[in-house]
Amino acid sequence: MASHEAWLLENGNIKLLSKEMKHGRTAHNMSSSSLRKKSDRSLVSKVRVGFLRAFLANLQEVLLGTKLSVLFFAIPLAIVAKYRNYGSPWVFALSLVGLTPLAERVSFLTEQIAFYTGPTVGGLLNATCGNATELIISILALTQNKVDVVKYSLLGSILSNLLLVLGTSLFCGGIANMSKEQNFDRKQADVNSMLLLLGLLCHLLPLMFTFAGTSPELTAVGKLQLSRASCIVMLIAYVAYLVFQLWTHRQFFEAEEGDEDDDVASEDETPVIGFWSGFAWLVLMTGVVALLSEYVVATIEAASDSWGLSVSFISVILLPIVGNAAEHAGAIIFAFKNKLDISLGVALGSATQISLFVVPLSVVVAWIIGIDMDLDLNLLETSSLALSILVTAFTLQDGTSHYMKGLVLLLCYVVIGACFFVFRSPLDSNDLGLKASPGQGIMSI
């Protein structure tokens, strides 16, 4: 029996690892799994040709095994709109909608592959692909020299996770469980809060160069050098975070499921597709994500002009909400079930991953391809990020929750959204902001 179970030696006591951690499942995977549905293979099983039957079974699991499968129709519509010249706003909107189910399916496929690779490799794969959409959009935007779009979208992802997702989860969970006291494990929240403050420090110091320096030319060089050095530190911190999460203190990040979910958990213990099938589908899905992300980056300015919305508002508010809608919905569903540890794992884990992995990696990629991208934020964006992290940290400091905490986080997000709605940066007034000079207020993460 012991040979088939995963054990952890903790403080001299033997502790059985949860089912999720055996296969490298994280809160992101469990959140996305709430939107999945069991496929009926009765019709596929009647196919006599073995290869065709296996292919159709995989097709059914990947494309129809989610409650968001109806949104897959937006993908071919976006491609048709692109090549039939139906208008950039249509391409932008359809591409955003198409990215929603793709993000959930990437999470599903990484989980399937984790069944064959083990918990360590599976956890690393989940950590890498957890924010694949943001990473792909950032890299594609950098190749088009749209640095400010990258910065606004990554800032928006952090803000949406900390205020919108976490706030909605705490609010809905508090409303649905008024008769119960909602508690969560503070250890996970404390770790993520410290890492987010480290990322904030790496943004604040380059910003100080703007006010402390005398020569803009010398200041720009110093900010760029400091930002690149800080990115190396941030990536080191993220690697240490992975070691902490997957090896030394993985019990902090275990998500406990209740008895009512035992049947669902037992169904998830076995893979539904093979390793190579899952790998092939993951490559295909990533390619489609890259295609739609390219459409989004190429048409965001045209959509901004057509809708009368600033590029900063679309990047900070719309992109993160639509791109991660599946994961965010899953976090809210678990909050309704009084499983706040999973909801916190989604919101804080995703914000930490973007802050300490996607942001510094984007700076390193820009460095490699010869684009100057630093960690200097405009004062407005820096203040929004700093206050969001501080409000979130204060909200989670006592390990309990009620709907009022969630409401405050949501209202903070509304105020920040209103700020970017009325704020017109040089990004909007100078045709993509590519010609704006330092000191004009463009955010430079």
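- When all heavy atoms are compared, the tightest approach of Y295 to S95 is CB-OG, 3.3 Å.
- Judged by distance alone, with hydrogens and angles left aside, the side-chain atoms of E104 form no donor-acceptor pair with the main-chain N or O of L68 at under 3.5 Å.
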Distance-only donor-acceptor pairs under 3.5 Å for side chains of residues 278-293, two or more places apart:
from, atom 1, to, atom 2, distance (Å)
T286, OG1, L282, O, 2.7
S293, OG, V289, O, 2.6

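- At a threshold of 4.5 Å between non-hydrogen side-chain atoms, the residues S138 and L154 count as touching.
- Within the model, atoms CG of L356 and CD1 of I236 stand 12.0 Å from one another, a figure rounded to the nearest 0.5 Å.
- Between I389 and L196, the shortest heavy-atom distance links the atoms CD1-O, 3.6 Å.
- Using a 4.0 Å cut-off between charged nitrogen and carboxylate oxygen, D372 and K223 do not count as a salt-bridge pair.
- Inspection of the Q188 and D185 side chains reveals no N or O donor paired with an N or O acceptor under 3.5 Å.
- Note that the CG atom of L94 and the CG atom of L99 stand 11.0 Å from one another [nearest 0.5 Å].
- Side chain of R186 to main chain of Q397: a donor-acceptor pair is present (N/O by atom type, distance under 3.5 Å, no hydrogens or angles).
- Residues I354 and E134 meet the side-chain proximity criterion, which asks for heavy atoms closer than 4.5 Å.
- The main-chain N or O of A335 is never found under 3.5 Å from a side-chain atom of S169 such that the two would form a donor-acceptor pair.
- L309 has its side chain within reach of L318: a pair of non-hydrogen atoms, C-beta onward, lies under 4.5 Å apart.
- Of all heavy-atom pairs spanning A302 and S88, the tightest one is CB-CB, 3.3 Å.
- With T143 contributing its side chain and L140 its backbone, the two residues share a donor-acceptor pair below 3.5 Å.
- One finds the CG atom of L396 at 6.0 Å from the CG atom of L348 (value rounded to the nearest 0.5 Å).
- Taken from OG in S388 to CG in L166, the straight-line distance is 11.0 Å, to the nearest 0.5 Å.
- Here the closest heavy-atom approach between residue S312 and residue F423 is recorded as OG-O, 3.8 Å.
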Donor-acceptor list for residues 399-413 side chains, cut-off 3.5 Å, not counting sequence neighbours:
from, atom 1, to, atom 2, distance (Å)
T400, OG1, D398, OD1, 3.4
T400, OG1, D398, OD2, 2.9
H402, ND1, M404, N, 3.4
K405, NZ, T395, O, 3.0
K405, NZ, D398, OD1, 2.7
K405, NZ, D398, OD2, 3.2
K405, NZ, T400, O, 2.8

* Determine, stepwise, if the pair I300 / S315 fulfils side chain to side chain contact (heavy atoms under 4.5 Å, CB included). => CA-CA 8 Å; I300 186 172; S315 301; 3.3 Å; yes
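- Between N378 and L207 the shortest side-chain heavy-atom distance does not fall below 4.5 Å.
- Below 30°, between 30° and 60°, or above 60°: for Y238 and F357 the angle between ring planes is below 30°, a parallel geometry.
- Between the OH atom in Y241 and the CG atom in L246 there is a gap of 9.0 Å [rounded to 0.5 Å].
- Tested against M373, the residues V364, V363, L224, V359 include a single side-chain contact (heavy atoms from CB on, under 4.5 Å) partner, V363.
- For P206, the side chain to side chain contact (heavy atoms under 4.5 Å, CB included) partners are L226, S227, L375, D376, not counting sequence neighbours.
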For residues 155-162, which side-chain N or O atoms pair as donor and acceptor with protein atoms under 3.5 Å away, sequence neighbours left out?
from, atom 1, to, atom 2, distance (Å)
S157, OG, S153, O, 3.1
S160, OG, G156, O, 3.1
S160, OG, S157, O, 3.0
N161, ND2, S157, O, 2.7
N161, ND2, S350, OG, 3.3

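- Taking a cutoff of 4.0 Å between a charged side-chain nitrogen and a carboxylate oxygen, K151 and E381 do not qualify as a salt bridge.
- Remark: F421 pairs with F313 by the ring pair (Phe, Tyr, Trp, His ring centres under 6.0 Å) rule, at least two apart or across chains.
- Residues satisfying the ring pair (Phe, Tyr, Trp, His ring centres under 6.0 Å) criterion with F92, sequence neighbours excluded, are W307.
- One finds the CD1 atom of I232 at 11.0 Å from the SG atom of C202 (value rounded to the nearest 0.5 Å).
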